Q: 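Below is the structure I would like to discuss, written out as structure tokens.
Order of appearance sets the numbers: ligands from 1, and atoms from 1 within every ligand. Quick caveat: nothing in here was measured; it's all calculated off a predicted structure.
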Amino acid sequence: MNPDIRPLILLSNDDGIDSRGIAVLEEAVREMGELYVVAPETERSAASHALTLHKPLRITERSPRHYAVSGTPTDCVNLAIFTILPRKPDFLLSGINHGANMADDVTYSGTVSAAFEGSILGVPSMAFSLTVPEDPSLPLAFETARHYVRLLVERMMAAPPSPSILFSVNIPDRPVSGISGIRVTRLGKRVFGSGDIIRKEDPRGRPYYWIGLSPKDYEPDPQSDLHAVDHGFVSVTPLHLDLTHYPSLSRYQSWESEADPSGVPGPVHGLGAHPLSS
Ligand code: MN
């Protein structure tokens, strides 16, 4: 990166361009580069990594360098990088999501998927999510989020990571003074139960279903994101999109054998000993 040129920073989210979270994100990093906001025109939470292929997308310029897109977070990042921005951004920031994105949530999250898309397109990316209070009438801890967004973006800019790695940051619902510190974590594992889907009846007596909130219970793991945030730490989880399970490459290599996919030595189709067993 040429130090004479201010870094170009793309901001997106999944809560929509009018959400408080993306406004706070912009405030937090305003002095740190040239900003472009390209975000969904409506809320697209849990849009995951969806790309819109079967209908046209519209871009509306709301104000200079602020664009609303009639699509998903992934659509926004693609249109931003290939159509809207004057050059490839130096960094992508996503959020600040209204609600945590930890453990299994990461696969549903539009906030984290925007950062995944940045990573795929070669841009160092960081997603921010803020835990919501248990009492929905209470305000979100955006001051805390603003503080840690600035701190972590400064760190990322000081030593830009490989774009193949992205960061998912989760911020606890506490004042800055109540934060225990920063933990670099791995994805935890929630314990799901049947109570997470709510069944009710509509006025005509027909059942309908509503997928509830993520369960609070999780498998004990002091290195996990869930544990860190539960204990008041800001959680920073480095992620990458290579979903390959490497230990299984050697474990299932025997499946490559057409003669005996089980890999178990023994008679095959009544033809006698397995050719590899002799
Ligand atoms: Mn959201």
Q: Please determine, by modelled atom types, if Asp15 and Ser45 share a side-chain donor-acceptor pair under 3.5 angstrom.
A: yes
Q: What I'd like to find out is whether the side chain of Arg20 reaches to under 4.5 Å of the side chain of Leu130, using heavy atoms alone.
A: no
Q: Compare all side-chain heavy atoms of Met157 with those of Ile9 and state whether any distance is below 4.5 angstrom.
A: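 Result yes, sub-4.5 Å side-chain heavy-atom pair found.
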Q: Please state whether the rings of Tyr218 and His227 are parallel, tilted or perpendicular, taking 30° and 60° as the class boundaries.
A: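 Tyr218 and His227: perpendicular rings.
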Q: Strictly by modelled atom types, are Asn97 and Ser109 linked by a side-chain donor-acceptor pair under 3.5 Å?
A: no
Q: Under a plain distance cut-off of 3.5 Å, with no hydrogens placed, do Ser235 and Thr185 share a side-chain donor-acceptor pair?
A: yes
Q: Under 2.8 Å from the Mn ion (ligand 1), protein N/O/S atom count?
A: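 Of the protein's nitrogen, oxygen and sulfur atoms, 4 lie under 2.8 Å from the Mn ion (ligand 1).
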